[in-house]
Amino acid sequence: MKTVLTAAGPLAPIRREALAAIQQHLLRTEFDLDALGPITPEELAAAVDDPALRTQLISGMVTLTLASDSVADEEQAAIERFAAGFAVASVTLEQLRKFQTERLMALRFDVVRRSLAGPAFKQLYEDQGFLGVVKNLGSFAGLWENTAVAERYRGLAHYPDGSLGKELWRFYVANDFKFPGEKHGAPESLLSHDLTHILGGYGTDFQSEGLVLAFQAGYRRQDPFSVLVFLLLNGQHGLRLTAFADAARGYYNDKPGAIDDVVRAFARGARVTVDLTDHWDFWAVMDRQVEDLRREYGIEPALA
């Protein structure tokens, strides 16, 4: 990855910080980053023959190039050479191609459908059918209130203190969020994100929202790098991808340690034992204590 990140010149500080964070929090190694020499696609292909790992490496290269607020053509060309040497197709590399050629509408559609919203609505369709999708979108758009759904979530006020349900109710009230089913309330299919705020102990400011996404990318078993691409396009390249999140340019450049926190959150998520975005029945555990669920799901303390 260092070979790719130095294809256009010296290693940028933000990328050095990202590589050091990966080394510390994910790889847990102590090699000298500056002593690493370049490697060719052929040499790396000879050392890595698992197609899944090859694809993961290409996705990692793409993600790291996006950690800076610009991507040089030489960096993309280097990733293209490694992808060709690996003989793998990469979703994230195709997203990078769209970004570099400014096909931004196509990029937005692809990233959103692959990150969190797309799979969430697919699951909603599987669980509730077309009518369920219409009802959720209609209440989110403010066209109507789905009273039965809204009342169920309002009823969380009566759950035991410390339970997931009671903490979710407090989270919505404290942030003045609308409950699912209410006009402009979030679709139920996206609730795993809000519940991740609670289980992970993350706030709702811009930086914390990025950490929640990184944490979700870590515990997600399918296509986690698309979530990281979403995070970096939104927070580093100023590309607004959803009505739920403001966009910023160069945010991680201006915040020392912020990219380290993102990698730390991703690593923390990777050690979680359940994918909360994959048909997790949160209603079955709404009455459970948050601390018990954290232990059961392998969610480490935030500063571990």
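For Ser163 (side chain) and Pro160 (main-chain N/O), a donor-acceptor pair under 3.5 Å exists by modelled atom type. A donor-acceptor distance shorter than 3.5 angstrom exists from the side chain of Thr273 to the backbone of Tyr297, with no hydrogens or angles considered. A donor-acceptor pair under 3.5 Å links the side-chain atoms of Glu17 to the main chain of Gly257, judged by distance alone. Counting only distance, with no hydrogens or angles, the side chain of Glu145 and the backbone of Glu182 share no donor-acceptor pair below 3.5 Å. Here the side chain of Arg221 pairs a donor or acceptor atom with the backbone of Tyr219 at under 3.5 angstrom. For Arg264 (side chain) and Leu211 (main-chain N/O), no donor-acceptor pair under 3.5 Å exists by modelled atom type.
What you find for Ser59 and Ser90 is that their closest heavy atoms are OG-OG, 3.8 Å. Across all non-hydrogen atoms, the minimal contact from Ala8 to Glu74 is CB-OE1, 3.9 Å. Smallest separation of non-hydrogen atoms from Leu168 and Leu191: CD2-CD2, 4.0 Å. The two residues Ala45 and Gly85 make their nearest non-hydrogen contact at CB-O, 3.8 Å. Shortest non-hydrogen contact noted between Trp280 and Asp275 is CB-O, 4.3 Å. Ala302 and Gly200 make their closest contact through CB-O, 4.4 Å (heavy atoms, listed as atom of the first residue, atom of the second, distance).
Between atom CZ of residue Arg103 and atom CZ of residue Phe109 there is a gap of 14.0 Å, rounded to the nearest 0.5 Å. Atom CG of Leu239 sits about 6.0 Å away from atom CG of Leu107, to the nearest 0.5 Å. Residue Ile14 holds its CD1 atom at 9.5 Å from OH of Tyr252, rounded to the nearest 0.5 Å. Note that the OG1 atom of Thr3 and the CG atom of Leu36 stand 8.5 Å from one another [nearest 0.5 Å]. One distance of note links NE2 of His197 with OG of Ser192; it measures 10.5 Å at 0.5 Å rounding. Rounded to the nearest 0.5 Å, atoms CG (Leu195) and CZ (Phe171) are 9.0 Å apart.
Using a 4.5 Å heavy-atom cutoff, the side chains of Leu213 and Gln216 are in contact. Proximity of Glu80 to Arg97: side-chain heavy atoms (C-beta onward) are separated by under 4.5 Å at one or more points. Side-chain contact between Leu199 and Leu276 is present, with at least one heavy-atom pair separated by less than 4.5 Å. Glu209 is listed as a side-chain neighbour of His193, based on a closest heavy-atom distance under 4.5 Å. For the pair Phe179/Leu156, no side-chain contact is recorded, criterion being any heavy-atom separation below 4.5 Å from C-beta on. Counting heavy atoms from C-beta on, the side chains of Pro187 and Leu190 come closer than 4.5 Å. Residues Asn253 and Gln236 have side chains in contact (heavy-atom distance under 4.5 Å, counting atoms from C-beta outward). Side-chain contact check for Ile79 versus Gln76: every heavy-atom pair is 4.5 Å or farther apart.
In this structure, Arg294 does not pair ionically with Glu300, as no charged nitrogen and carboxylate oxygen lie closer than 4.0 Å. Using a cutoff of 4.0 Å between basic side-chain nitrogens and carboxylate oxygens, Arg15 and Glu75 are scored as salt-bridged. Using a 4.0 Å cut-off between a side-chain N of Lys or Arg and a carboxylate O of Asp or Glu, Arg16 and Asp34 qualify as a salt bridge. Using a 4.0 Å cut-off between charged side-chain N and carboxylate O, Lys166 and Asp161 make a salt bridge.
Criterion: ILVMFWY side-chain heavy atoms under 4.5 Å apart, direct or through other members. Under it, Val71 and Leu5 are part of a common hydrophobic cluster. Both Phe31 and Leu64 are members of a single hydrophobic cluster when ILVMFWY side chains are connected at heavy-atom separations under 4.5 Å. By the rule that hydrophobic residues join a cluster once side-chain heavy atoms approach within less than 4.5 Å of another member, Val111 and Val91 end up as members of separate clusters.
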Worked check of side chain to side chain contact (heavy atoms under 4.5 Å, CB included) between Val88 and Leu57: CA-CA 10 Å; Val88 296; Leu57 284 170; over 6 Å; no
Pair Gln95-Val62, side chain to side chain contact (heavy atoms under 4.5 Å, CB included): steps then yes or no: CA-CA 9 Å; Gln95 291 168 344; Val62 171; over 6 Å; no
Derivation of the side chain to side chain contact (heavy atoms under 4.5 Å, CB included) call for Leu93 and Leu96: CA-CA 5 Å; Leu93 179 52; Leu96 179 63; 4.3 Å; yes
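Within the structure, salt bridge (Lys or Arg N to Asp or Glu O under 4.0 Å) pairs that include any residue of residues 41-66 do not occur (at least two apart or interchain).
Take Arg108 and apply the salt bridge (charged side-chain N to carboxylate O under 4.0 Å, His left out) test, not counting sequence neighbours, and it matches no residue. Residues meeting the ring pair (Phe, Tyr, Trp, His ring centres under 6.0 Å) test with Phe225, sequence neighbours left out: none.
Taking the six-membered ring wherever Trp is involved, the centroid distance between the rings of Phe99 and His237 falls below 6.0 Å. The six-membered or imidazole ring of Trp169 lies away from that of Phe177, with a centre-to-centre distance of 6.0 Å or more. Checked against the 6.0 Å centroid threshold, Phe206 and Tyr251 count as a close aromatic pair.
Applying the 6.0 Å contact sphere to NZ of Lys178 captures no more than 12 heavy atoms from other residues, nucleotides or ligands. Around NZ of Lys2, the count of heavy atoms belonging to other residues, nucleotides or ligands within 6.0 Å exceeds 12.
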